[in-house]
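Scope of the values below: all heavy atoms of this structure, side chains included, with no hydrogens, waters or symmetry mates. FYI, the numbering just counts along the sequence from 1.
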Amino acid sequence: MAEKDPEGIIATDPRNNYDRKCLIIRKLLKFNPKEVFTWQLVKTVAMGQGLAVLMCGTAVTSQYLASDYHVDAPMLQSFMSYALLCITYTTALLFRTGDGNMFQILKKRWWKYLLVGLVDVEANYTVVKAYQYTTLTSIQLLDCFVIPVLMILSCWFLKTCYRPVHYISVCVCLLGVGAMVGADLLAGRDLGSTSDVLLGDGLVLLSASLYAVSNLCQEYTVKHLSSVEFLGMVGLFGTLISGIQLGVLEHNNVANIQWDWRIGLLFAGYALCMYILYSCMPIVVKKTSATAVNLSLLTTDLLSLFCGLFLFQYTFSGLYIVSLVIILVGFVSFNAVATTPNPADPITPSVGWKEGGYDNPDDIINEEVVVGVLEEQEEEEGECPGVSWNQRTQYEEVPAM
């Protein structure tokens, strides 16, 4: 047992501060860039930007529908994407056997997925409605509110412990967003309505909070249960909720659409991009985290702007390139060091090995043994042969902020 220090002598001892400084210097001297910039990191960045491209596709098709064809039916667009999820993933759950069957899942957790579906549908709807009341600049800035909310929720519910480098990386990404908004103002792209700015900004903040809750539920489900289960249940309840909301709120708008093959193609393109986005996002979330995915999606507005240079004759600014580089630097640095479980809430067999993401209770003991061996090798040899920087930093003690 550790000795008690009621007077705080150990914490205030200058020798301890000197030891900490020496430890930091030793870690910096052992730093090898090749162990950070691995193929795994390259794949993570590539997958994140792939999601951003898909999100850009939804933005471009929506812009065409609104500007060229004056179509105002966001719930119809959402309904089509949820329907595709329901047709594929919910049907796949229907043919499963055992606890993975759709009826078994509904029997155990139907109300949870009902809430998740409601949150996801309303998150998509409120951000679209915000464009009617506030400006594009406000939406771009306030939409970043999803990241701090998601980090707080991850610390509370998923017991994720972020390191200082993660907070710095998030600030760097938000700095890139600020540069992008500044470029928009200089280019005169402060688009949108100003009929009720306070209401519009409130809708954006509400949407960001709802997105954070939905992404948190997605991360927990794909890491502890199944990606197909999450997509199937969101597709089922999302289709029901968006269908009811479509019939109540947008039946007149849908009836007034002058349908032709171009409008149908744009609706299909939006639904397809959103369907692929929903299908691929759990893969990236499982390899990284929901926070990392949202950081990668910050480049969506920039990609949309680059497309707008050719499609909508937007004005180019060099700040767009600067903001893109800044956001990518922050995203890479965030994923370069792994997050760790909260030391104050360790995963033990009494907590539940299934809740901890282990396939077998013996894996917990095996992981503790591996960590002990790595620590002994680092103390004796000064470094861990065959162990990457990410793996070493994953099990190091996180200093209190």
Go through the steps to decide whether Val293 and Thr288 satisfy the test side chain to side chain contact (heavy atoms under 4.5 Å, CB included), and finish with yes or no. CA-CA 8 Å; Val293 170; Thr288 57; 4.1 Å; yes
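- Remark: the backbone N or O of Gly232 is paired with a side-chain donor or acceptor of Thr90 at under 3.5 angstrom.
- In this structure, Ser296 OG and Met281 CE are separated by 7.5 Å, a value rounded to the nearest 0.5 Å.
- For the pair Gln104/Arg96, no side-chain contact is recorded, criterion being any heavy-atom separation below 4.5 Å from C-beta on.
- Rounded to the nearest 0.5 Å, atoms CZ (Phe157) and SG (Cys217) are 9.0 Å apart.
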Please assess Leu93 against Val228 for the test side chain to side chain contact (heavy atoms under 4.5 Å, CB included), listing each intermediate value before the final yes or no. CA-CA 7 Å; Leu93 292 177; Val228 177; 3.9 Å; yes
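- The side-chain hydrogen bond (donor to acceptor under 3.5 Å, both in side chains) test with Asp120 singles out one residue from Tyr211, Tyr278, Tyr125, and that residue is Tyr278.
- Of all heavy-atom pairs between Ser323 and Gly176, the closest is CB-O, 3.1 Å.
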I would like to know whether Thr299 and Gln49 meet side-chain hydrogen bond (donor to acceptor under 3.5 Å, both in side chains); could you show each step before the answer? CA-CA 8 Å; Thr299 60; Gln49 293 312 296; 2.8 Å; yes
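- Side chains of Tyr162 and Thr291: a donor-acceptor N/O pair is present below 3.5 angstrom, by distance only.
- Between Leu210 and Leu206 the shortest side-chain heavy-atom distance falls below 4.5 Å.
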Under the side chain to side chain contact (heavy atoms under 4.5 Å, CB included) rule, what do Gln245 and Glu122 come out as? Steps first, then yes or no, please. CA-CA 10 Å; Gln245 199 163 337; Glu122 299 309 323; 2.6 Å; yes
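- Rounding to the nearest 0.5 angstrom, the gap separating the CG atom in Leu150 from the OG atom in Ser289 is 7.5 Å.
- A side-chain contact (heavy atoms from CB on, under 4.5 Å) with Trp156 holds for exactly one of Leu158, Ile152, Thr160; it is Ile152.
- The side-chain heavy atoms of Val60 and Tyr270, taken from C-beta on, include no pair separated by under 4.5 Å.
- Annotation: the span from Leu114 atom CG to Met233 atom CE amounts to 11.5 Å, rounded to 0.5 Å.
- Exactly one residue among Ile241, Leu249, Val121, Val248 makes a side-chain contact (heavy atoms from CB on, under 4.5 Å) with Met75. That residue is Val121.
- Ser169 is not listed as a side-chain neighbour of Phe331, based on a closest heavy-atom distance of 4.5 Å or more.
- Of all heavy-atom pairs spanning Gly235 and Thr239, the tightest one is O-OG1, 2.5 Å.
- Between Tyr89 and Ser227, the side chains place no donor N or O within less than 3.5 Å of an acceptor N or O (distance only, hydrogens not considered).
- Side-chain atoms of Asn335 and Thr44 form no donor-acceptor pair, as typed in the model, at a separation below 3.5 Å.
- Leu153 places a side-chain heavy atom less than 4.5 Å from the side chain of Val213.
- A distance of 8.0 Å separates CE in Met151 from NE2 in His166, rounded to the nearest 0.5 Å.
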Applying side chain to side chain contact (heavy atoms under 4.5 Å, CB included) to Thr221 and Ser226, what does each step give before you reach the verdict? CA-CA 6 Å; Thr221 306; Ser226 168; over 6 Å; no
Quick one: do Glu229 and Arg109 satisfy salt bridge (charged side-chain N to carboxylate O under 4.0 Å, His left out)? Show the steps, please. CA-CA 11 Å; Glu229 177 177 331; Arg109 298 182 286 273; 2.8 Å; yes
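- Of all heavy-atom pairs between Ala290 and Val285, the closest is N-CG1, 4.1 Å.
- Among all heavy-atom pairs drawn from Leu298 and Cys173, the shortest one is CD1-CB, 3.7 Å.
- For the pair Ser207 and Thr126, the tightest heavy-atom approach, listed with the atom from each and the gap, is CB-OG1, 3.1 Å.
- Inspection of the Tyr82 and Asn124 side chains reveals an N or O donor paired with an N or O acceptor under 3.5 Å.
- Between the side chains of Ser62 and Gln77, at least one donor-acceptor pair of N or O atoms lies under 3.5 Å.
- Judged purely by atom type and a 3.5 angstrom limit, Asn101 has no side-chain atom pairing as donor or acceptor with the backbone of Thr97.
- Counting heavy atoms from C-beta outward, Asn215 and Asn294 have side chains that approach closer than 4.5 Å.
- Looking at Phe267 and Thr61, their side chains never come closer than 4.5 Å, going by heavy atoms from C-beta outward.
- In summary, the side chains of Tyr275 and Thr88 do present a donor paired with an acceptor at a separation below 3.5 Å, with no hydrogens or angles considered.
- Side-chain contact check for Leu236 versus Trp110: every heavy-atom pair is 4.5 Å or farther apart.
- Rounding to the nearest 0.5 Å places CD1 of Ile168 at 13.0 Å from CG of Leu175.
- For the pair Ser209 and Phe145, the tightest heavy-atom approach, listed with the atom from each and the gap, is OG-CE2, 3.6 Å.
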